[in-house]
Amino acid sequence: MANARLLVKRLKSVRNIRKITRTMELIATSRFKRAMDRATEAAEYTKKISEIVGDLGAADLKFSHPLLEERPETKKSVLLVLTSNRGLCGGYNGAVLRNTLKHIEQLKADEIDFSLEVSGKRGIKFLNFQKIDIDSSYTHFEDSPTFAEVDELGSRYVDDYIAGRIDRLDVAYTSFQTISRQSAVVESILPLSSLSSGSDGESAAGADGTDYEFQPSPQEILEEIVPAAFRAKLFKCFLDAAVSEQIARMVAMKGATENADEMAGDLKQQYNRARQAGITSELAEIIGGAAALE
Amino acid sequence: MADLRLVLVTPEKTLFDKPVASIKVPMFDGSAGIYPGRAPLVGRLGVGELTLKGGDGASDSYFIEGGFIQIKGEQVSVLTNAATPAEKISRTAAAEELAAAKAEKATTDDAMEAVANKIDRARKLVKMATAE
């Protein structure tokens, strides 16, 4: 019977854990919806930016801007790693950090001097454990990063890049493709490879032959819009990471809840068997005792 | 008369997407008014007050910080880094910002310009501020 009591205890704790994971799943679901809404709202801005870029393209203008130019030699680069502040989100942080380590190896092999900037407690902890020096770390980007916060970083990168203090900016984050598909990537966002955020076909959408008046001049607008496009792109990285984190947590917690259900079922069955076995043996003892008296 | 539709977007969200009667925007070199039937335009915006008048004569204003404007047919798109509705600008905070900007000392040409921009921005904020 001692065995059955032990099983009851385990069953209770499994059920308690199930309650917790189930709640976390629900929280992640609601956060995911909020993050997703923000990402959709932000997409509108990038769409408009690429529309204006398309309009500028129609004004047959040479696209030249310091942020667009690729440096012949990369001496100094910045690697920005976006991880989450909280754990319990499956392989989300692991995938990003694995990519980060690989990228750092690559940078070392190419003998490129780099500074490492990490956002999120999970990434900071992991890299500290790996004894990799972090140049700056941020923990204030929660699941809804604001544009002002990201812009602070963005402006610094723009200034550094134009001044020649950095030659490249890479971001390691989880890019959001669809609800069922996110992948950890390392993306170079400075120099800007293209101004349109989406496919190249999208940038052509704006150029539908409307004859625009430019104020002040196409060149000057371009000078302003390139940094704006970069900032929007950086912001998108943060939003993508936030959405992906919530999805990863949702999936992980759903899995945990299902496992807990299964385990509770198994334990219940084991308990019932143990109980039945106890009753049977007790009966056998009584019958045996009665038979011995005769 | 053709309609005019204003779409005001910031990187975080679309703040406004409604038909309006007329709009006044702060361009990089001064404010500009837009009525229905304006020629297509792509322009750079400055810092300042964006005022829009609805079809019923009610007006609404936002404080916007730079960005771009695109006018295409009846659609006017304003892209800006941040837009604050006038009723949400605090008078005390704006006054504090102006005082801080005025107290700043500049030593180089670039810094002079930056400070002048800050003072200009704060003055415009103070002018628009309505909330306590």
Side-chain angles (χ1 to χ4, degrees), chain A residues 37-59 61 144-151 154-155 159 197 205-236 238-239, chain B residues 5-18 23 25-35 37-47 63-84 88 93 97 108 110-111 113-114 117-118 121:
Chain A
D37 285 346
R38 281 169 62 89
T40 345
E41 298 260 20
E44 192 63 26
Y45 184 82
T46 31
K47 208 180 100 202
K48 287 276 176 204
I49 290 258
S50 45
E51 224 180 278
I52 294 183
V53 170
D55 293 339
L56 285 169
L61 165 80
S144 51
T146 64
F147 184 69
E149 284 169 347
V150 177
D151 201 35
S155 305
D159 290 345
S197 58
D208 53 0
T210 319
D211 196 7
Y212 283 100
E213 179 187 335
F214 292 100
Q215 272 183 8
S217 68
Q219 190 60 48
E220 271 173 84
I221 293 174
L222 181 71
E223 253 159 49
E224 279 279 312
I225 209 161
V226 173
F230 162 70
R231 280 174 193 150
K233 204 165 180 182
L234 187 65
F235 187 50
K236 189 178 168 288
F238 277 88
L239 288 178
Chain B
R5 188 179 187 84
L6 173 70
V7 184
L8 179 61
V9 280
T10 68
E12 279 180 23
K13 63 199 242 181
T14 306
L15 282 172
F16 193 92
D17 187 355
K18 273 183 216 144
I23 312 161
V25 288
M27 297 293 285
F28 66 104
D29 57 352
S31 60
I34 298 155
Y35 277 102
R38 202 204 178 289
L41 165 88
V42 172
R44 216 175 84 201
L45 297 174
V47 174
F63 182 80
I64 62 167
E65 314 204 8
F68 309 93
I69 183 166
Q70 182 205 38
I71 304 172
K72 188 167 149 192
E74 61 178 35
Q75 169 118 353
V76 179
S77 315
V78 174
L79 286 90
T80 178
N81 281 345
T84 328
K88 282 208 182 132
E97 207 180 309
T108 60
D110 285 350
E113 209 187 308
N117 282 343
K118 262 190 202 165
R121 177 179 182 274

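Here the structure is a predicted model, which means the values were calculated and not measured. Numbered from 1 within each chain, the chains take letters A, B, ... in sequence-line order.
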Taking atom CD of A:Gln215 and atom CD1 of B:Ile69, what is their separation to the nearest 0.5 Å? 9.5 Å
With sequence neighbours left out, the residues meeting salt bridge (Lys or Arg N to Asp or Glu O under 4.0 Å) with B:Glu113 are none
Answer with side chain, backbone, both or neither: which region of A:Phe235 has an atom nearer than 4.5 Å to a non-hydrogen atom of chain B? side chain
Please classify the contact between A:Ala42 and chain B as side chain, backbone, both or neither, with a heavy-atom cut-off of under 4.5 Å. both
For A:Thr146, is it the side chain, the backbone, both or neither that has a heavy atom under 4.5 Å from a heavy atom of chain B? both
Comparing B:Pro40, B:Pro11, B:Ala82 against chain A, the one with the most heavy-atom pairs below 4.5 Å turns out to be B:Pro11
Once salt bridge (Lys or Arg N to Asp or Glu O under 4.0 Å) is applied, do any residues pair with A:Glu223, and if so which ones, sequence neighbours excluded? none
Structural part of A:Ala148 lying under 4.5 Å from a heavy atom of chain B: backbone
Given that the side chain runs from C-beta out, which part of B:Asn81 has a heavy atom under 4.5 Å from chain A: side chain, backbone, both or neither? both
Look at the side chain of A:Glu41 and the backbone N and O of B:Glu12, then say whether any donor-acceptor pair between them is shorter than 3.5 Å. no
Interatomic spacing from CD1 in A:Ile49 to CD in B:Gln70 - rounded to 0.5 Å: 11.0 Å
Kindly compute the distance separating NZ (A:Lys48) from CG (B:Leu79), expressed to the nearest 0.5 Å. 7.5 Å
A:Glu220 CD to B:Phe28 CZ distance, which is reported to the nearest 0.5 Å: 6.5 Å
Can you tell me how far the OG1 atom of B:Thr14 sits from the OH atom of A:Tyr45, to the nearest 0.5 Å? 11.5 Å
Between A:Ile225 and B:Phe68, is the side chain to side chain contact (heavy atoms under 4.5 Å, CB included) condition met? List the steps. CA-CA 8 Å; A:Ile225 209 161; B:Phe68 309 93; 3.6 Å; yes
